[in-house]
Amino acid sequence: MDKEKIDQIIDKHEGEASSLIQILLEIQSENHWLPGNALERVSEKLNVPLSRIKHIATFYKAFSLIPKGRNEIHICMGTACHVRGANRVLDTVQDITGIKPGETDLDLKFSLETVNCLGCCALGPVMEINGKTHGKMTPAETAGILKNYE
Amino acid sequence: MSKINLQIDEKKVEADRGMTLLEAAKTAGIWIPTLCHYEKLEPYGACRICIVEIGSGSSTKLVVSCLYPVEENLTVRTKSEKIDRIRKMILELLLAHAPDSFELDELAKEYGADKNRFDKETSFCIHCGLCVRYCAEVKKAHAVGFVDRGAKREISFVPEIASKECWKCKECFPLCPTSALQAAYVLTEALTSAVPSFKGEPEDP
Amino acid sequence: MSRINSPSELEELRKSILSERDPDKPCITLCTGSACHASGSEGVADAIEEEINKQGLSGKVDIRKTGCHGFCERGPIIVNHPDETTYLQIEPDDIPEIVSMTIKEKKVVDRLLYTDPSTNENIIHESEIPFYKYQERLVFGSNGSIDPKSIEDYLAIGGYSALSKVLSQMTDLEVLEEIKKSNLRGRGGGGFPAGRKWEGSRNAPEKVKYVIVNADEGDPGAYMDRALLEGNPHLILEGLIIGAYAIGAREGYIYVRQEYPLAVENITLAIKKAQEFGFLGESILGTGFDFIVKVHQGAGAFVCGESSALMTALEGRAGEPRPKYIRSNIKGLWNKPSVLNNVETWANVPLIINRGAQWFSEIGTEGSKGTKIFSLVGKITNTGLVEVPMGMTLRDIIYKIGGGIPDGKKFKAVQTGGPSGGCIPEEQLDLQVGFDELTKAGSMMGSGGMIVMDEDTCMVDVARYFIEFLTDESCGKCVPCREGMRQMLKILTNITKGMGQEGDIELLEELSEVLGVASLCALGRTAPNPFLSTLKYFRDEYEAHINEKKCPALSCKELISYYIDPEKCNACMICFKKCPSYAIDGGKNRIHVIDQEKCTKCETCFEVCPSRFGAVKKVSGEPVPPSVPEEKRTIIRKSKKK
């Protein structure tokens with residue numbers, strides 16, 4: 001990642017160590033993952049040990065230390081979606097994409113994540129792709145929806 | 001400094017204000033088992049094996065002695081059927097990861113813990129954090145840290161720092177309750193794996 | 001906008017805002033909360049604007065994009081003011097008719113109204129729809145009538161009058177006493193009395209103190225706080241400022257999940273506006289009281305809902321809970337006294353100040369005062385957010401408001417309190433909701449998730465689900481929580497896969513005890529609750545899984561088999577074509593048969609089999625019936641016989 005861009009983000013937060021998570025979130029959102037040079041730069045400028053940054057980067061779910069696919073699939077595993085069969089939807093998506101939650105395929109086409117609740121319980125089971133919500137999902141419908149993504 | 005009087009296992013104990021129950025018990029010659037405790041480090045309260053019971057009559061509760069501060073007139077019990085049961089379970093849970101740890105083995109004998117109660121998942125590490133905390137608090141090197149969370153939590157050396165700091169130090173190795181094996185193992189692995197990843201290329205999570 | 005310098009200036013401004021608003025002017029309010037957004041409310045909004053212009057009504061009709069109205073099941077929702085005509089499940093194509101009929105001619109479009117399923121009558125007004133009729137929407141009610149991005153809208157409904165009252169007429173101690181007297185208890189989980197928490201911080205000797213909004217709503221199936229933050233951010237802000245005044249804090253934080261982008265956006269904008277108007281910053285309303293608020297986004301960790309973990313996260317660390325032998329209201333953020341309350345708790349504060357502790361404490365039960373917002377979800381006809389007075393029975397919430405269980409299924413249990421809570425069975429449905437009542441039943445209030453389960457829900461799987469959730473969400477620091485749950489999850493998973501053994505239940509109970517007393521924080525200590533409550537009320541399901549390898553709810557994948565009833569199969573070929581693993585042998589006029597070896601139990605055949613046939617069946621704990629012999633598989637059609 002571009003060093004100037006990283007510095008810009010850090011400077012925006014006035015280089016405060018307590019803003020570490022906010023800074024990492026912004027880098028993640030800008031770059032879609034946290035490259036090593038960004039972690040090192042943040043460590044250096046905020047004077048926070050790299051070990052702590054790595055703990056944070058792996059502790060919180062929003063961060064990724066590997067590049068993400070072009071299309072990010074989020075399957076809601078909230079309780080409402082669970083009792084309405086979210087597991088079956090997840091199984092089918094895993095079968096179709098060949099990746100498990102937390103993984104990205106080799107072509108960088110899809111990244112798959114489970115999320116704990118998207119707050120759209122009326123539409124459960126919910127699958128979100130690139131921010132677009134697909135509600136009332138059934139295993140039978142998933143293949144058709146995934147086909148639309150390149 | 002004013003003294004605090006309390007009772008530990010029927011014994012009257014005089015402690016300094018601000019002491020923990022564990023420290024107070026030690027001054028009175030009462031032994032409480034510990035795994036994640038080390039005098040040179042801040043109390044951590046992760047292994048929970050130093051759990052004791054405080055209070056009397058119907059209002060008793062379980063607290064961990066390495067963190068709980070002494071209070072005037074407090075009644076403390078370091079042994080009971082319930083305490084032993086909890087310690088036994090904690091040991092059994094940890095033995096699934098480090099069945100060959102001498103320290104765990106000794107305690108297992110004391111509490112009658114069954115090494116084979118749970119399926120083995122030998123990862124050696126019991127997450128006491130002694131290496132991580134020693135490196136951060138005493139050595140201020142931060143060469144080893146935790147990564148991930150929940151059941152996936154692990155310790156991990158930071159290659160960039162470890163390659164510079166660790167070979168001349170290694171002071172954390174003897175602290176490890178499951179022998180220094182795992183520390184050495186992880187360290188070697190970290191040093192031989194992709195250090196260049198920190199030039200910006202993708203790295204393994 | 002220049003800052004408002006006194007309470008009287010605020011009232012003048014309010015008057016001028018109201019004078020510019022004609023209560024009789026038509027106004028279309030459209031729900032743009034997250035659920036309606038997902039159902040396409042943005043397209044509806046565009047269509048409204050376009051149609052208003054097209055029909056030459058621009059300037060004559062107000063359009064207001066509001067936050068969540070609560071009835072998410074039927075979104076997108078439109079409520080037309082002033083007459084409150086309510087249309088549900090609106091699509092952009094419906095808009096021309098709404099504008100030409102309802103706006104222009106004041107006529108109702110019948111087909112878009114709510115039809116009461118019990119009487120088959122159409123209902124015109126929102127407040128008369130049974131879903132709303134039995135609610136008492138004190139905190140949540142304004143959501144439907146204001147644009148959350150407009151501070152003027154909030155002022156028009158009396159916003160910041162409580163703050164103005166507090167700063168001009170009450171001492172900090174009087175505010176504290178009022179909150180204590182109201183008996184407001186924390187809406188985030190434990191139900192700790194807010195006034196006592198405030199008092200502890202207020203009396204702590206340190207000068208620097210903090211107030212914090214916990215908007216790290218993590219319980220799966222709960223989204224009340226999100227709807228409040230998105231739909232009425234100033235209400236929360238006003239409550240927070242009042243709290244800061246009462247305890248003497250000069251700085252506050254809002255810890256909100258980054259998974260809630262709209263909530264982050266709206267609260268950030270609200271803070272900016274409040275600063276411009278002089279409700280935040282130096283000398284608020286010219287009274288000399290200074291207070292600022294910062295937004296901190298949570299990066300995705302359920303454990304950060306726990307107070308000490310949240311504060312650790314605010315300090316910029318991994319969110320590990322701290323052992324709380326000293327409470328965080330005495331030693332919290334950066335070791336300073338810190339009052340952390342949940343979104344809904346703060347939202348109650350302006351109400352209590354405006355209408356008095358006496359009024360508030362007349363609502364609810366002995367131990368639980370006021371109202372509570374629940375997210376009523378799962379196997380329920382009317383999914384949505386409901387606000388009811390404490391003390392309403394679960395039965396009334398589920399049946400009167402929620403409309404009961406859909407598809408003619410039988411109610412089995414309702415889960416409250418999130419992963420720390422428990423499942424309440426049918427025989428306890430007359431339980432009144434309240435903090436102590438739910439705890440007594442083996443569950444808890446938690447933040448207000450209420451997940452309804454029907455006969456198809458496996459209770460062992462529910463327990464497994466929550467333990468799996470927490471195994472992933474635990475910080476992993478202490479042994480009982482990390483290792484105890486690892487083992488519980490293994491055992492529960494085995495049971496749901498038909499690999500349960502005698503002694504499993506006892507071992508789970510033993511692990512539960514250790515987790516319950518020895519874990520470092522509340523996440524671990526309450527983690528066994530979903531298991532313990534399902535065991536208490538549904539022990540037979542555990543035993544069926546272990547002893548008979550049977551899932552009575554026909555839900556656990558490894559324990560069920562699918563087969564096609566030859567009597568009912570019409571050889572329509574739908575399942576044959578849709579089966580992703582080519583496990584169905586069939587053809588034109590040939591009764592279909594599932595190859596059990598190839599079947600992956602994805603349930604596609606079960607879903608796609610037309611309900612008029614209902615030929616795909618599930619069994620558990622017994623083998624599938626032998627398939628029909630080859631010679632009997634041909635269907636001879638009577639009508640089309642050639």
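Just so we're on the same page: letters track the sequence lines, and every chain starts at 1.
Note that NE2 of A:His82 is 12.5 Å distant from CZ of C:Phe469, once rounded to the nearest 0.5 Å. Atom OG in C:Ser39 sits 4.5 Å away from atom CG in A:Leu123 (nearest 0.5 Å). With values rounded to the nearest 0.5 angstrom, C:Tyr223 atom OH is found 8.0 Å from A:Cys120 atom SG. Taken from CG in C:Leu376 to SG in A:Cys121, the straight-line distance is 10.0 Å, to the nearest 0.5 Å. Between the CG atom of C:Leu314 and the CD1 atom of A:Ile21 there is a distance of 8.0 Å, given to the nearest 0.5 Å. Interatomic distance, SG of C:Cys304 versus OH of A:Tyr60, reported as 4.0 Å (0.5 Å rounding).
Closest of all the heavy-atom pairs between A:Val83 and C:Thr457 is CG1-CG2, 3.9 Å. Residues C:Pro220 and A:Thr79 share a closest heavy-atom pair of O-OG1, 3.0 Å. Of all heavy-atom pairs spanning C:Thr604 and A:Ala140, the tightest one is CG2-CB, 3.7 Å. Of all non-hydrogen atoms in A:Cys117 and C:Ala222, the two that sit nearest each other are SG-N, 4.1 Å.
Using a 4.5 Å cut-off between heavy atoms, A:Arg84 touches chain C through backbone and side chain atoms alike. Contacts of A:Thr138 with chain C are made by both backbone and side-chain atoms, with heavy-atom separations under 4.5 Å. At a 4.5 Å heavy-atom cutoff, A:Asp95 makes no contact with chain C through either its backbone or its side chain. Of the atoms belonging to C:Asp456, not a single heavy atom falls under 4.5 Å from chain A.
Here C:His296 is the residue among C:His296, C:Arg257, C:Lys578 with the most heavy-atom pairs under 4.5 Å with chain A. For the set C:Cys68, C:Ala318, C:Gly33, C:Ala35, the count of heavy-atom pairs under 4.5 angstrom toward chain A peaks at C:Ala318. Considering only heavy-atom pairs separated by less than 4.5 Å from chain C, the leading option among A:Gln22, A:Glu16, A:Lys61 is A:Gln22. Heavy-atom pairs under 4.5 Å with chain A were tallied for C:Gly300, C:Gly316, C:Gly378, C:Ala299; the largest tally goes to C:Ala299. Comparing C:Arg317, C:Glu259, C:Met453 by heavy-atom pairs within less than 4.5 Å of chain A, the highest count is held by C:Arg317. When each of C:Ala313, C:Gly218, C:Ser555 is checked for heavy-atom pairs under 4.5 Å with chain A, C:Ala313 comes out on top. Counting heavy-atom pairs closer than 4.5 Å to chain C, the top-ranked of the candidates A:Ile53, A:Leu20, A:Leu25 is A:Leu25. Between chain A and the options C:Met224, C:Glu315, C:Gln297, C:Glu217, the largest number of non-hydrogen pairs under 4.5 Å is found for C:Gln297.
Residue C:Lys497 places its NZ atom among 12 or fewer non-hydrogen atoms of other residues, nucleotides or ligands, all under 6.0 Å distant. Atom CD of C:Glu42 has 12 or fewer neighbouring heavy atoms from other residues, nucleotides or ligands inside a 6.0 Å radius. Residue A:Asn47 qualifies as open at atom CG: its count of foreign heavy atoms under 6.0 Å is 12 or below. Sparse packing is recorded around NE2 of C:His37, with 12 or fewer heavy atoms of other residues, nucleotides or ligands lying under 6.0 Å away.
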Report task. Check the pair C:Val303 / A:Phe59 against side-chain contact (heavy atoms from CB on, under 4.5 Å), numbers first and verdict last. Result -> CA-CA 11 Å; C:Val303 68; A:Phe59 186 92; 3.9 Å; yes

Requested in this report: Would you check, one step at a time, whether the test side chain to side chain donor-acceptor pair (under 3.5 Å) holds for C:Glu473 with A:Asn116?
Outcome: CA-CA 10 Å; C:Glu473 292 292 348; A:Asn116 289 332; 2.6 Å; yes

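The shortest side-chain heavy-atom distance between C:Cys602 and A:Arg88 does not fall under the 4.5 Å cut-off.
Remark: A:Lys136 engages C:Glu73 in a salt bridge, criterion side-chain N to carboxylate O under 4.0 Å. Contact check on C:Lys601 versus A:Asp91 returns no salt bridge, with no Lys/Arg side-chain nitrogen under 4.0 Å from an Asp/Glu carboxylate oxygen.
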